[in-house]
Amino acid sequence: MANVLPLQKRVDVVSHLVEGASVRSTSRLTEVSQPAIFSLLVRMGEGCDRLHDRLVRDLAIRDVEVDEIWSYVQKKQARVTAEDPPEFGDAYAFLAMARTCKLMIAYRVGKRVEHTTRAFIGDLRARLVTIPQISTDGFVPYVSAVGETFAGSADHAVIQKNYTKRARREGPADHRYEPPRDPFITKKVGSGAPDLNAAGTSRIERANLTVRMHIRRFTRLCNGFSRKIENHRAAVALHVAWYNFCRVHESLRVTPAMEAGIATHVWSVAELVERALSEPPGEKPVPKPLDLPKAPEGKPEQTARQLPNGKGWLRVVPGGKGAPAAPKAPTPPEPLASPVASAPEPVAAPSGATAMAEAWEQLDLLAWRPREQQLCLLDLT
């Protein structure tokens, strides 16, 4: 007889894991051994990956926010030695979220290097069918990864945050939870023609807080970190599937998958477990030609022409230098009103002290001349 957990036990284990419980506490609450929990977590992570590949694709989403969240496997990067496996140390989770419907479009776990960034942006490109506006932080590999992967068909905005160390010397000693910062947000164009007024990463940074609250492995200053990269990736995949299909977003009042049109109802944890464990292997999404985004209501459609061989679009974007305006004729000056001469009123001649005071007030300093000296003969006898 195979030693298989009943469905209700699986649902209980997954329900505790997605709510931020550690493996040890889940084992105590559900009376399931830790090896069985790890085995179920890995199988759920693989099934959620396949489920995500099948459902989250061909998305006509315009605004995308991208960010990465830090964690580590086995030990922190500063303590990694040359004898340790390559997966030890930093393990960043790259996340791409739709700004309006809050859907997690793509995710990737790995080192914060160019190779992982390109793989992550490539997965994001394969799931979209509309020219997106992508907002990222100032991580340098994003610029080349977005530019080359989307072949110039994406509007990339870089949100740079300029931290300073000045307040660290002047302020309190503990800055682990709220680092000091000046007015520090700078927005610039990475590629394309993004709308910098609408660009930002505040939504995905708020989603990072949800990750830290619902995945014990991402909680800072605790002993719930991952010991294996496989378990770490499975935990991220499970969270993304639960976030998209099971968790009702507070601002949307529905799940992100329902808002995006890829689900019709709120999934229960039991439904997620059954679907993930029964999902067969499928093909990964492949990049498709990108269409022009729809113009907002009240604005004209964007002028564009499609390039041959599916190489993108030649678009006319606002903000460039247009034709010079015709010179305007100078406005003639208004005629001045001619003054009307009026007869002076008779003024009584001042006398005495009043006359001396007015003479003193009307003294012209520039007309002052030195007095002539009078020669006098001195009698020396």
Side-chain angles (χ1 to χ4, degrees), residues 44-68 92-111 113-136 141-156 190-192 194 204 233-234 236-241 243-245 256-263 275-276 278-294 304-315:
M44 281 294 301
E46 295 174 352
C48 289
D49 278 334
R50 297 191 295 266
L51 201 64
H52 188 81
D53 290 338
R54 181 173 64 86
L55 297 178
V56 185
R57 60 168 65 192
D58 301 337
L59 302 175
I61 293 176
R62 168 63 175 165
D63 294 324
V64 179
E65 295 185 8
V66 172
D67 199 13
E68 61 278 355
Y92 282 85
F94 291 76
L95 302 174
M97 188 183 72
R99 182 175 65 89
T100 54
C101 66
K102 308 299 187 294
L103 181 73
M104 287 293 180
I105 305 173
Y107 58 91
R108 176 78 58 168
V109 175
K111 302 292 183 180
V113 294
E114 185 174 2
H115 173 73
T116 309
T117 307
R118 289 181 178 273
F120 166 67
I121 296 297
D123 184 58
L124 174 63
R125 167 65 181 88
R127 301 179 189 275
L128 299 177
V129 294
T130 301
I131 296 177
Q133 172 168 315
I134 303 176
S135 300
T136 68
Y142 278 133
V143 179
S144 59
V146 173
E148 296 180 7
T149 303
F150 284 86
S153 296
D155 300 328
H156 180 203
S191 61
I204 186 63
R233 289 171 176 163
V236 174
L238 174 60
H239 172 78
V240 170
Y243 180 90
N244 284 341
F245 297 96
M258 295 174 63
E259 185 71 13
I262 59 178
R275 285 175 176 263
S278 62
E279 183 69 22
E283 297 181 356
K284 291 283 186 180
V286 295
K288 295 183 179 180
L290 298 176
D291 297 330
L292 291 174
K294 295 182 180 180
R305 180 170 60 88
Q306 191 171 9
L307 298 176
N309 300 326
K311 293 183 178 181
W313 295 83
L314 182 63
R315 298 179 291 160

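Nothing here was measured: the structure is a model prediction, and the numbers come from that model.
- The pair Asp53-Arg57 fails the salt-bridge criterion, with no side-chain N (NZ, NE, NH1 or NH2) lying under 4.0 Å from an Asp/Glu carboxylate O.
- The pair Glu279-Arg275 does not count as a salt bridge, with every side-chain nitrogen at least 4.0 angstrom from each carboxylate oxygen.
- Minimum interatomic distance between Glu114 and Ser144 (heavy atoms only, all atoms of both residues): OE2-OG, 3.9 Å.
- In plain terms, the two heavy atoms of Gly45 and Ala237 that are nearest each other are O-CB, 3.6 Å.
- Residues passing the side-chain contact (heavy atoms from CB on, under 4.5 Å) test with Leu59 are Val56, Ile61, Leu103, Ile105, Leu128, Ile262, sequence neighbours excluded.
- The aromatic ring centroids of Tyr107 and His52 lie less than 6.0 Å from each other.
- Here the closest non-hydrogen pair linking Pro285 and Ala126 is O-CB, 3.4 Å.
- Lys284 has no carboxylate O lying under 4.0 Å from a charged side-chain N of Asp49, or vice versa, which leaves the two without a salt bridge.
- Using modelled atom types, no side-chain atom of Thr149 and backbone atom of Gly122 make a donor-acceptor pair closer than 3.5 Å.
- Under the salt bridge (Lys or Arg N to Asp or Glu O under 4.0 Å) criterion, Glu259 pairs with no residue, sequence neighbours left out.
- We find the CG-CD distance between Leu51 and Glu46 to be 13.5 Å, quoted to the nearest 0.5 Å.
- Under the 30°/60° scheme for interplanar angles, the aromatic rings of Tyr142 and Phe94 are found to stand perpendicular.
- Distance CE/Met104 to OH/Tyr243: 5.0 Å, rounded to 0.5 Å.
- Between Thr117 and Ala145, the closest heavy-atom pair is CG2-CB, 4.2 Å.
- Remark: Phe150 pairs with no residue by the ring-ring contact (aromatic ring centres under 6.0 Å, His included) rule, at least two apart or across chains.
- Taking the side chain as every heavy atom from C-beta outward, Arg50 and Pro281 approach each other to under 4.5 Å.
- In plain terms, the two heavy atoms of Pro293 and Thr130 that are nearest each other are CA-CG2, 3.7 Å.
- Taking OG1 from Thr136 and CG from Asp67, the interatomic distance works out to 9.0 Å, rounded to the nearest 0.5 Å.
- Panel note: side chain Asp155, backbone Gly192; no donor-acceptor pair is recorded below 3.5 Å.
- Put simply, the side chain of Ile131 reaches to within 4.5 Å of the side chain of Leu292, judged on heavy atoms.
- The side chain to side chain contact (heavy atoms under 4.5 Å, CB included) with Glu65 is formed by just one residue from the set Arg99, Lys102, Gln133; it is Arg99.
- Of all heavy-atom pairs spanning Ala119 and Arg108, the tightest one is O-NH2, 3.6 Å.
- Summarising the geometry, atom CD1 belonging to Ile204 is positioned 5.0 Å from atom CE belonging to Met97; distances are rounded to the nearest 0.5 Å.
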